[in-house]
Amino acid sequence: MNRTTKLGNKIELIGQGKTLIIGVFHGDEPQGKFLIEKYTKTDGLMFIPCLNPDGMQLGRRTNANGVDLNRNFPTKNWEISDKDDYFGGNSPASEIETQFVIDVIEKYKPELIITLHAPYKVVNYDGPAKEIAEKISDIIKYPVEASIGYPTPGSFGTYAGIERQIPTITLELDETCPVEDLIKPVHQIFDLFSE
């Protein structure tokens with residue numbers, strides 16, 4: 001399953017299983033793509049290595065339309081916002097990338113979702129995911145946080161975790177750490193959920 005973005009880049013879903021792992025929600029957080037592509041096992045896991053290839057190509061948080069994908073989901077708290085780095089779009093689910101994730105969830109019905117972000121060094125969770133967050137924390141040694149500390153209208157965590165009750169983890173990686181040093185702990189986390 002794949003889609004083509006506004007700039008002609010491809011977003012793809014690879015693997016199959018009950019856990020969905022998503023990299024590069026934000027184009028200026030490329031660590032997820034690198035870590036997913038270094039992982040060779042896929043049993044029980046589905047990956048979207050790079051959700052926002054246009055943003056990564058442009059070296060910015062938002063996609064090619066200037067939309068923060070993590071504010072573009074059709075949640076009860078979605079709202080029109082300023083056109084800055086956190087702009088949630090002119091309407092919910094207006095973006096190709098957002099629609100792709102929604103379609104993947106509706107078609108494959110994952111039982112756990114992990115998104116890879118930076119830079120906060122926390123294991124954030126939404127929905128019934130506290131125990132899972134604690135297991136991940138034991139591996140990567142980041143604190144578990146139920147809240148990221150600021151409002152996130154239209155966020156993916158709200159869409160998947162809170163409103164759909166799919167355990168959803170936002171793993172905020174340390175951007176000051178060389179990404180090569182994150183391979184071992186992140187791959188140990190992936191191994192927890194592979195079959």
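Counting begins at 1 with the first residue of the sequence.
- No side-chain donor from either of Asn52 and Asn63 sits under 3.5 Å from a side-chain acceptor of the other.
- When atom types are taken as modelled, the side chain of Glu163 and the backbone of Ala160 share no donor-acceptor pair closer than 3.5 angstrom.
- A donor-acceptor pair under 3.5 Å is formed between the side chain of Asn70 and the backbone N or O of Phe156.
- Between the Trp78 side chain and the Arg71 main chain, a donor and an acceptor come within less than 3.5 Å of each other.
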**Asked** Does the side-chain contact (heavy atoms from CB on, under 4.5 Å) test come out yes or no for Arg61 and Glu29, once each step is laid out?
**Response** CA-CA 7 Å; Arg61 177 183 176 91; Glu29 299 170 12; 4.0 Å; yes

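- No hydrogens or angles considered: nothing links the side chains of Thr158 and Asp126 as a donor-acceptor pair under 3.5 Å.
- Side-chain atoms of Asn72 come within 3.5 Å of backbone N or O of Gly88 as a donor-acceptor pair.
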**Request:** Decide side-chain contact (heavy atoms from CB on, under 4.5 Å) for Ile183 and Leu35; before the verdict, give the C-alpha distance in whole Å, the side-chain angles of both, and the deciding distance to 0.1 Å.
**Result:** CA-CA 6 Å; Ile183 291 173; Leu35 294 165; 3.8 Å; yes

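- Residues passing the side-chain contact (heavy atoms from CB on, under 4.5 Å) test with Lys107 are Met1, sequence neighbours excluded.
- Listed by first and then second residue, the salt bridge (Lys or Arg N to Asp or Glu O under 4.0 Å) pairs that reach into residues 176-189 come to none, sequence neighbours excluded.
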**Request:** Report the C-alpha separation of Asp85 and Asp68 in whole Å, then their side-chain angles, then the decisive distance to 0.1 Å, and conclude whether the side-chain contact (heavy atoms from CB on, under 4.5 Å) test is met.
**Result:** CA-CA 6 Å; Asp85 283 350; Asp68 180 348; over 6 Å; no

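- Atom CD of Gln16 has 12 or fewer neighbouring heavy atoms from other residues, nucleotides or ligands inside a 6.0 Å radius.
- Here the closest non-hydrogen pair linking Gln165 and Gly127 is NE2-CA, 4.2 Å.
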Using residues 128-142 as the side-chain source, report each donor-acceptor pair under 3.5 Å to any protein atom, sequence neighbours left out, with the distance given to one decimal.
{"from": "Ser137", "atom 1": "OG", "to": "Tyr142", "atom 2": "O", "distance (Å)": "2.5"}
{"from": "Lys141", "atom 1": "NZ", "to": "Asp138", "atom 2": "O", "distance (Å)": "2.6"}
{"from": "Tyr142", "atom 1": "OH", "to": "Asp174", "atom 2": "N", "distance (Å)": "3.1"}

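- Side-chain contact between Leu51 and Thr115: absent, with no pair of heavy atoms (C-beta onward) separated by less than 4.5 Å.
- A pairwise comparison of heavy atoms in Asn90 and Ser94 identifies N-OG, 4.4 Å as the closest pair.
- Through direct or indirect side-chain contacts shorter than 4.5 Å among Ile, Leu, Val, Met, Phe, Trp and Tyr, Met56 is connected to Val24.
- Checked against ring pair (Phe, Tyr, Trp, His ring centres under 6.0 Å), Phe190 has the following partners two or more places apart in sequence or in another chain: Tyr39, Phe47, His187.
- The two residues Thr75 and Ser155 make their nearest non-hydrogen contact at CG2-O, 3.7 Å.
- Judged by distance alone, with hydrogens and angles left aside, the side-chain atoms of Glu95 form no donor-acceptor pair with the main-chain N or O of Gly89 at under 3.5 Å.
- With hydrogens and angles ignored, the 3.5 Å screen pairs no side-chain donor or acceptor of Asn124 with any backbone N or O of Thr170.
- Judged as a side-chain contact (heavy atoms from CB on, under 4.5 Å), and not counting sequence neighbours, the contacts of Pro74 are Pro92, Ala93, Ile102, Tyr159.
- From Asn65, atom CG reaches atom CG of Leu7 across 8.5 Å, with rounding to the nearest 0.5 Å.
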